[in-house]
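Structure first, then comments.
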Protein chains: 2
Amino acid sequence: MNAEPYDATPPGGGTAGEVLTRYLHERAAAFLRGLSLRGENEAEADALLRGSARRIGGVLHIYGPLTDPGWAEPLRAELGWLTTTLGREPQYAARLARLLDALRRLSVSVEEQEAVTVGGPPPPAPSGGGPLALGAARAGALLERQLTLARTRAHSASLQAMGSARFHALADAIAVLVSDVPLAPAAAAPAASVMPPLAAQAYRLLADAAAALPLHRAAHPYNADAVQASLGADLTADLQDAPWHQVRILLRLSRYAAEVSRPEGDAADRQRLADAATVLGRHRAAAESASAVATAARTPRIAPATAYALGVLHADQRHEVEAARFAFSRLWQPAVPGPRGQ
Amino acid sequence: MNAEPYDATPPGGGTAGEVLTRYLHERAAAFLRGLSLRGENEAEADALLRGSARRIGGVLHIYGPLTDPGWAEPLRAELGWLTTTLGREPQYAARLARLLDALRRLSVSVEEQEAVTVGGPPPPAPSGGGPLALGAARAGALLERQLTLARTRAHSASLQAMGSARFHALADAIAVLVSDVPLAPAAAAPAASVMPPLAAQAYRLLADAAAALPLHRAAHPYNADAVQASLGADLTADLQDAPWHQVRILLRLSRYAAEVSRPEGDAADRQRLADAATVLGRHRAAAESASAVATAARTPRIAPATAYALGVLHADQRHEVEAARFAFSRLWQPAVPGPRGQ
């Protein structure tokens, strides 16, 4: 990855305000499209709402000096509230699917799995049965119950949010964006002189945060770092995961910054950023799935076989965390000259 | 690894019988030394007895055509009995140490572990306590109880074996080896013409068995093959581990063959065989440790937190299995031209 892919290519012509306004127009229009789609396809509509809200919020953050802060700051806070609220339901759904998939993989041999993959009959019951397989089935049922309940609650919360006065005020604010963006005086400067430094700054934050990760260690497969302390205090995993989650967010901001200021950009660079984002998304999904398993294991009165299966599943997801770190370190490292400290 | 490291260099001069006799003399003397050491240092003495018994048995197998089969076959069977009997106690001890180490690693964060490694105070109790840490402590106590009991029984069985008429007959047979080895007519041929083909045959068996392993897949880190079906039927793990264990045994035979027929050999080749043996030893230790954990999890009336910790530990050991396969595939693959199937 080049150290600074944003320092040379100028963004599309015109003033910074014009370029920014054009981008925000498009995203605001997508938001309104999502809103009108909601009656037909809720999941798709929500994804559109979330995606555009995240982009508007991110871009207002990166190009903050170009807009009126008295207007942008409160809008960003409301966009954050909306994306968090709408994001919960799909997250729970994805988490459940991920964990049930993993349980299946942990219960079925390669041969059985291949028989299924090549279009055989529906997934067989775990071969042989036995207490371990029974525990896996019960663990799956427990997770399904807990995550479906969480999902249903998140759905209600989404519906409630979408019907609230708070949401209507936000939708109004975004509708205004389609026609008019409150700009700061700095936005009158040519885009080519004002925007690249702001995008470069976002990228620098990303590069610094990524450089502070233990990439050198993560590049050694099977280092067992991510399972470390998974039986220890609850906070340990959160503490070791947090810097990676932070890089995931900075990566997203950098991608949005690039969408505005050099929409045609270098395809290879964009692909690498996209791949890195995918990998860190997997990192977060695995880390949060492992937490959900640990929570399920605290359910009172579960059978030991169920707890055992949850333990295996927890460690499996922590190894997925480690695998994602390995993949990220491979993606990110090649451009870094020489070895770096752990 | 060269395809056939044994086909060119001639073994030490003289007839095959002389070379073989010289080697067996040395090993038989080591065996008797072990026997007399037993009063002073039982563990060291047993290691010497096991090591020399394994070598004598292995070499009688590889160079079978050079000795009287009516004498060698029953002796090999008795040597196998002895090494198995004496091997159990150290295996249980190593398994317990391995599992307690892993539990510690799974309960303590990197920072805490480093504080201990640099000579700080004794290992701290898992930080924060909490139900997970309590489960880990209980799982450790359960494993300690079960494996210590198994170890004590194995120790009694060793003592009993060493006092048996069967053992005394075996010791007598080995004492005879110091002075006289019953050779076959083929042993009268020059060592250089008879021994290398037999060593090469042993190596070919090893190379073929290693080539049949899914090395290509194992070389991809985090392939999650070894945890596959760890919640399935009990036999699944055994089935996928067996070919690797078989290669471990063939590797040992090849190393013993080389000790006899080209004791000075190519140092780099020997080192690679030794490294591969170490890695496959780790593979077996991790696989058997995972089985011991699964057995412990079947103890009636254990607490869910204990079962959960055992589940995490089981998956951790299966990942160590996978890590060992990865390491082996890296050691073994480079010399193999082109990609291989699976």
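In what follows, chains carry the letters A, B, and so on, assigned in the order in which the sequence lines appear, proteins first and then strands, with residues in each chain numbered from 1.
Interatomic distance, CZ of A/R105 versus CG of B/L231, reported as 10.5 Å (0.5 Å rounding).
The choice from B/T306, B/L103, B/D316, B/V227 that makes the most heavy-atom pairs within less than 4.5 Å of chain A is B/V227. In terms of non-hydrogen atom pairs under 4.5 Å with chain B, the most contact-rich of A/P304, A/A327, A/A315, A/A139 is A/P304. Between chain B and the options A/L313, A/V293, A/L106, A/I302, heavy-atom pairs under 4.5 Å are most frequent for A/L106.
At a 4.5 Å heavy-atom cutoff, the contact between A/E322 and chain B is made by backbone and side-chain atoms alike.
At least one donor-acceptor pair under 3.5 Å links the side chain of B/Y222 to the backbone N or O of A/Y222.
No more than 12 heavy atoms of other residues, nucleotides or ligands sit less than 6.0 Å from atom CZ of A/R138.
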